[in-house]
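What follows is a single structure, written as structure tokens, with notes after it.
Hydrogens, waters and symmetry mates are skipped; everything else that's a heavy atom, side chains included, is used. Here the structure is a predicted model, which means the values were calculated and not measured.
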Amino acid sequence: MFPTGIGWPGRGSLSARRTAGDTVPRTMSQADKDPRIVVLAGDGIGPEIVAAARSVLDSLGSFGYDEQLIGGASIDELGTPLSDDALAACRHSDAVLLGAVGGPKWDTTDPDAPRPEQGLLGLRKGLELYANLRPVKPLGALLDASPLRRERIEGTDLLVVRELTGGIYFGRKDRGPDSALDECVYTTAEIERIAVAAFAAAERRAGPGGGGRLTSVDKANVLETSRLWREVVSDVGSRYETVELDHLLVDNAAMQLVADPSQFDVIVTENMFGDILSDEAAMITGSLGMLPSASLGDGGPGVFEPVHGSAPDIAGGGAANPLATFLSVAMMLRHGLDRPADADRLDDAVEAALAGGLRTADLFTGAEGERRVGTAAMTDAVIAAL
Ligand code: NAD
């Protein structure tokens with residue numbers, strides 16, 4: 001069903017999801033039939049890359065958009081990083097396309113001040129998105145753009161499955177006059193459902209012949225939550241005989257990712273380790289500007305967003321690389337909107353634009369055949385290649 005092999009166990013078809021509990025009138029106009037996408041542009045380069053993504057989507061078909069605020073933009077306008085109305089709109093959509101949030105304007109050490117990132121956490125919690133999928137596969141045209149040598153990264157095709165709603169990001173927090181507390185809690189149920197998602201992804205990536213591999217990353221030599229993590233993942237593993245499971249400590253995983261990334265197939269890990277390791281893995285692709293992500297739950301709309309942040313240093317200059325957002329749109333078409341053929345077309349168009357030599361500043365190496373371009377020219381090239 002999913003051409004990239006990143007199967008998702010817990011989601012029904014779009015039509016089934018839209019019919020269930022939906023009060024869709026019997027005679028639907030074209031606008032009613034169009035997939036409903038909530039667009040959360042956010043801050044920094046967010047509005048630029050999301051506008052580019054909308055023009056790509058418009059070249060692929062007809063979509064209904066609902067623009068809502070998140071992050072710093074929402075704090076400025078509404079005093080909160082995610083309003084109830086924005087969350088409700090997301091809940092009633094078919095998919096959510098997100099740019100990025102945050103920036104120096106909203107940086108504060110005041111624990112009571114609203115922060116843009118709370119919008120992201122609230123969105124993940126509110127939509128019960130517990131699995132973040134981050135595929136890492138360097139494109140042929142960019143093998144020399146990575147800070148790692150070509151021979152080291154060739155053949156890399158891995159998927160990081162990051163747990164998204166538990167762990168230290170959501171534990172109890174406290175601040176005393178000269179101390180601070182961040183509690184890390186995981187329940188068996190939270191670990192089990194992300195393990196199932198990761199094993200299923202490994203199974204489907206391998207195909208009917210089997211041979212999938214899952215590496216579970218933890219810090220079981222130090223952390224109690226990691227020891228529970230390891231036990232539960234191993235238990236779930238006994239149900240997936242065709243997937244080979246191994247466990248790696250997070251410090252070793254960080255080293256192995258740069259030393260020999262092609263050894264990995266699917267990596268599953270808890271919230272904070274996944275946050276850090278997936279950014280590290282992103283550099284294999286040459287730039288943070290190339291890495292897409294999908295955050296999924298069971299049945300409801302997913303959130304599709306580039307892995308990078310709001311890049312305030314280049315915001316407003318028309319220089320942002322929109323490709324991670326386009327690849328996130330491809331994940332949205334594939335995992336959120338049941339349009340795998342369009343997803344393939346978009347993935348291919350991104351490769352074609354790069355193969356033609358176009359490079360945004362973050363990818364430009366000065367090598368022969370490269371042409372340095374901004375967001376608009378890269379977007380036009382991808383649309384032309386569709
Ligand atoms: P960042 O990802 O925004 O930027 C890191 C570096 O990569 C910068 O030099 C930036 O210019 C570059 N970069 C990132 N995306 C790019 C793109 N598409 N094209 C070209 N270059 C790109 O990380 P940061 O600087 O640590 O954080 C900036 C802000 O973003 C902070 O407020 C942070 O909290 C926030 N942030 C948000 C998210 C999110 O919305 N999911 C993720 C990470 C960071």
Side-chain angles (χ1 to χ4, degrees), residues 1-11 129-139 142 146 153-164 191 193-207 209-218 229 233 236-237 240 242-248 250 253-254 256-258 260-271 273-286 288 290-297 302-308 323-324 327-336 340 343-344 347 350-351:
M1 182 178 176
F2 299 105
T4 51
I6 305 165
W8 182 248
R11 300 172 62 74
L129 307 174
Y130 62 84
N132 184 233
L133 308 189
R134 297 185 179 191
V136 178
K137 185 177 177 183
L139 302 178
L142 292 182
S146 169
I153 58 173
E154 249 168 352
T156 299
D157 179 3
L158 63 87
L159 172 69
V160 180
V161 180
R162 168 189 170 196
E163 201 291 325
L164 216 51
I191 302 168
R193 66 182 181 177
I194 190 76
V196 166
F199 275 107
E203 208 170 47
R204 294 194 200 178
R205 274 165 62 95
R213 283 175 295 113
L214 178 65
T215 303
S216 173
V217 173
D218 60 37
W229 180 277
V233 172
V236 173
Y240 291 86
T242 61
V243 178
E244 188 188 322
L245 170 69
D246 65 338
H247 300 275
L248 212 54
V250 63
Q256 296 293 333
L257 261 177
V258 287
D260 183 15
S262 65
Q263 70 178 286
F264 293 108
D265 179 5
V266 178
I267 295 173
V268 63
T269 191
E270 61 96 73
N271 206 343
F273 298 159
D275 192 3
I276 297 166
L277 290 182
S278 55
D279 270 25
E280 185 191 1
M283 286 317 292
I284 296 169
T285 63
L288 261 179
M290 290 303 302
L291 206 71
S293 82
S295 301
L296 306 174
V303 174
F304 303 86
E305 58 176 316
V307 167
H308 60 72
L323 297 181
L327 296 172
S328 304
V329 167
M331 291 188 88
M332 176 173 82
L333 291 163
R334 189 173 285 122
H335 298 294
D344 285 351
D347 281 341
V350 167
E351 271 210 82

| message | Looking at Q263, is its backbone amide N or carbonyl O close enough to the side chain of R213 to form a donor-acceptor pair, meaning the two atoms are under 3.5 Å apart? | response | yes
| request: Quick one: pull up CD in E163 and CD1 in I191 and give me the separation to the nearest 0.5 Å. | output: 8.5 Å
| message | To the closest 0.5 Å, what do you measure between OG1 (T215) and CD1 (I267)? | response | 6.0 Å
| request: Write down the atom of P292, the atom of V307, and the distance for their closest heavy-atom approach. | output: O-CG2, 3.7 Å
| query | So, S293 side chain and E305 main chain: donor-acceptor pair closer than 3.5 Å or not? | reply | yes
| remark: Taking every heavy atom of V233 against every heavy atom of F199, the minimum-distance pair comes out as O-CE1, 3.6 Å
| Minimal non-hydrogen separation, G212 against D265, with atom names | CA-OD2, 3.6 Å
| Contacts of S295 that satisfy side chain to side chain donor-acceptor pair (under 3.5 Å) - sequence neighbours left out | N132
| field | Check: D218 and E270 side chains under 4.5 Å, non-hydrogen atoms | value | no
| remark: Residues passing the salt bridge (Lys or Arg N to Asp or Glu O under 4.0 Å) test with E280, sequence neighbours excluded, are none
| request: Compare every heavy atom of G302 with every heavy atom of L129, then report the nearest pair and how far apart it is. | output: CD2-CA, 4.2 Å
| task | To the nearest 0.5 angstrom, please state how far the CG atom of L158 sits from the CG atom of L257. | result | 6.5 Å
| Qualifying residues under side chain to side chain donor-acceptor pair (under 3.5 Å), relative to T269, sequence neighbours excluded | none
| note | E154 and S262 have their tightest heavy-atom pair at O-CB, 4.0 Å
| field | Residues in side-chain contact (heavy atoms from CB on, under 4.5 Å) contact with V268, at least two apart in sequence or another chain | value | V161, I194, A198, L214, S216, W229
| remark: Heavy atoms of A330 and D347 approach each other most closely as CB-OD1, 3.3 Å
| task | Please determine which of L277, I276, N271, V217 meets the side-chain contact (heavy atoms from CB on, under 4.5 Å) test together with R162. | result | N271
| task | For D157, enumerate each residue passing the salt bridge (Lys or Arg N to Asp or Glu O under 4.0 Å) test, keeping only those at least two apart in sequence or located in another chain. | result | R205
| Side-chain heavy-atom pair H308, L291 within 4.5 angstrom cut-off | no
| said: Using side-chain heavy atoms (C-beta onward) and a distance below 4.5 Å, is V266 in contact with V243? | reply: no
| said: If you define the side chain from C-beta out and look only at heavy atoms, does anything of F304 sit under 4.5 Å from L133? | reply: no
| field | For R193, side chain to side chain donor-acceptor pair (under 3.5 Å) partners two or more places apart | value | T165
| query | From S278 OG over to L159 CG, what is the distance, rounded to the nearest 0.5 angstrom? | reply | 10.5 Å
| task | Could you tell me the separation between the NZ atom of K137 and the OG1 atom of T156, rounded to the nearest 0.5 Å? | result | 11.0 Å
